[in-house]
Participant: 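Shown below is the structure under consideration.
Lettering follows sequence order; numbering is per chain, from 1.
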2 protein chains.
Amino acid sequence: MAHSHDIPTDLTRNQELVLGTLTASMGPLSAYDILDKLRGDGLRAPLQVYRALDKLVDRGLAHRLESLNAFVACADMHCHRKGLIAFAICESCGKVDEFADEVIEERLGSWARTGGFKVERTTMEIRGRCADCLKKAA
Amino acid sequence: MAHSHDIPTDLTRNQELVLGTLTASMGPLSAYDILDKLRGDGLRAPLQVYRALDKLVDRGLAHRLESLNAFVACADMHCHRKGLIAFAICESCGKVDEFADEVIEERLGSWARTGGFKVERTTMEIRGRCADCLKKAA
DNA sequence: GCCGCAAGCGTAATAACATAACATATCGTT
DNA sequence: AACGATATGTTATGTTATTACGCTTGCGGC
């Protein structure tokens with residue numbers, strides 16, 4: 001039976017390498033961070049990473065964090081949703097928390113309907129401090 | 001009496017130039033776009049623009065659009081709020097609409113409280129097509 | 001089989017976005 | 001006048017992302 005951490009089997013070699021790197025990482029990685037970690041596997045050029053990332057993001061296996069110019073593996077392997085996902089990014093430890101909220105999504109949809117705006121993609125990123133880091137700082 | 005289009009008088013020359021450029025522009029501008037428009041006024045280096053932008057963003061007179069690596073003048077000159085602002089960005093014409101939504105803000109706050117996350121800053125950017133462009137395309 | 005197409009890959013070069021480091025200048029306060 | 005804080009100008013550099021080009025691989029139709 002399939003469970004939430006299955007990795008799709010139809011990824012290309014580069015896509016697999018990139019997704020593996022993201023999954024193994026504690027926090028978000030830039031494309032160049034990923035490249036550096038994969039030099040040993042034969043990757044040499046940024047484009048090899050960017051191309052893999054494009055596909056992974058398309059398929060919902062990874063997300064791009066716009067405010068960081070960085071990427072994370074999708075935390076919820078069975079979700080792969082196209083809907084709105086919000087990210088909470090800790091400025092201390094870099095940890096990223098991911099959540100979906102139907103209320104916000106609906107609210108947004110209603111704003112869009114009112115103005116005749118057709119929503120194609122939404123990014124929502126919250127910067128701050130996670131509970132762990134607040135505790136440590138106290 | 002003050003009204004919504006007053007420009008603060010305590011801006012430095014560079015800040016004034018940059019804000020003026022943003023205000024005059026139809027859509028978002030990158031720092032380098034701004035620089036190019038201000039060469040005639042004596043600006044020469046990216047840093048001159050970035051420094052001005054930092055201050056303007058701090059004061060709420062301009063906003064940074066993370067998903068575009070670009071900047072816009074604040075649409076609502078008397079708002080200058082620190083709270084959550086959402087941006088709707090038209091992929092066709094580049095127009096940016098700015099709105100604040102308390103429901104979303106509260107919903108987000110409640111999610112954060114639950115997880116013990118301390119929110120410092122939130123960016124929300126909606127990509128899609130504006131009503132005008134949808135009409136033209138039809 | 002083999003043709004043709006679509007998707008993927010590799011490489012080099014370059015474009016676009018952003019900051020570090022350092023020196024100088026301007027202004028309000030004591 | 002001396003000081004600190006803030007702003008400025010300049011050069012160099014660092015970081016992120018794309019363009020352009022050509023080769024390879026997998027796959028369906030003939």
Participant: For D54(B) and dT6(D), give me the distance from atom CG to atom P, rounded to whole Å.
Facilitator: 14 Å
Participant: For Q15(A) and F71(B), take the nucleotide of DNA chain C holding the closest heavy atom to each; which residue's nucleotide lies nearer the 5' end?
Facilitator: Q15(A)
Participant: In whole angstrom, what separates L35(A)'s CG from dG10(C)'s P?
Facilitator: 12 Å
Participant: Rounded to the Å, how far apart are R13(B) CZ and dA25(C) P?
Facilitator: 17 Å
Participant: From C-beta outward on A45(B), which listed nucleotide comes closest to its side chain: dC17(C), dA17(D), dT11(D)?
Facilitator: dT11(D)
Participant: Using only modelled atom types and a 3.5 angstrom limit, is any donor from either the side chain of R51(A) or the base of dG10(C) paired with an acceptor on the other?
Facilitator: yes
Participant: If only side-chain N and O atoms of Q48(B) are considered, is one of them under 4.0 Å from the OP1 or OP2 phosphate oxygen of dT8(D)?
Facilitator: no
Participant: Rounded off to whole Å, could you give me the CG-to-C1' distance for the D58(B) and dT6(D) pair?
Facilitator: 13 Å
Participant: Would you say a side-chain N or O of T12(B) is under 4.0 Å from OP1 or OP2 of dT8(D)?
Facilitator: yes
Participant: For a quick test of reading the model, state the closest non-hydrogen atom pair linking S67(A) to E66(B) and the distance between them.
Facilitator: CA-OE1, 3.6 Å
Participant: For R59(A) and dA7(C), what is the distance between atoms CZ and P respectively, to the nearest whole Å?
Facilitator: 14 Å
Participant: Starting at the 5' end of DNA chain D, which residue's closest nucleotide do you reach first, N69(B) or N14(B)?
Facilitator: N14(B)
Participant: Over 60° means perpendicular and under 30° means parallel, so classify the ring planes of Y50(A) and F71(A), tilted if in between.
Facilitator: perpendicular
Participant: Measure from the side chain of L47(B), starting at C-beta and using heavy atoms only, and say which of dT11(C), dT19(C), dT16(D) lies closest.
Facilitator: dT19(C)
Participant: Between K118(B) and E91(A), is the closest basic N to carboxylate O distance under 4.0 Å?
Facilitator: no
Participant: Within this structure, what is the CG-to-P distance between D41(A) and dC9(C), rounded to whole angstrom?
Facilitator: 14 Å
Participant: Decide yes or no for M124(A) and L108(B): does some side-chain heavy atom of the first lie under 4.5 Å from some side-chain heavy atom of the second?
Facilitator: yes
Participant: Mind calculating the distance between OH (Y50(A)) and P (dG10(C)) to the nearest angstrom?
Facilitator: 17 Å
Participant: Of the listed nucleotides (dA18(C), dA20(C), dT16(D)), which one gets closest to any side-chain atom of S30(A)?
Facilitator: dT16(D)
Participant: Between D33(B) (side chain only) and S30(B) (backbone N and O only), is there a donor and an acceptor less than 3.5 Å apart?
Facilitator: yes
Participant: Given dT11(C), is OP1 or OP2 found less than 4.0 Å from the side-chain N or O atoms of R44(A)?
Facilitator: yes
Participant: Measure CG/D33(B) against P/dA16(C) and give the value in whole Å, please.
Facilitator: 10 Å
Participant: Using the six-membered base ring of dT15(D), report whether Y32(A) stacks on it, requiring centroids under 5.5 Å and planes under 30° apart.
Facilitator: no
Participant: Checking all strands, does A31(B) fall into the base, sugar-phosphate, or nothing category for heavy-atom contacts under 4.0 angstrom?
Facilitator: nothing
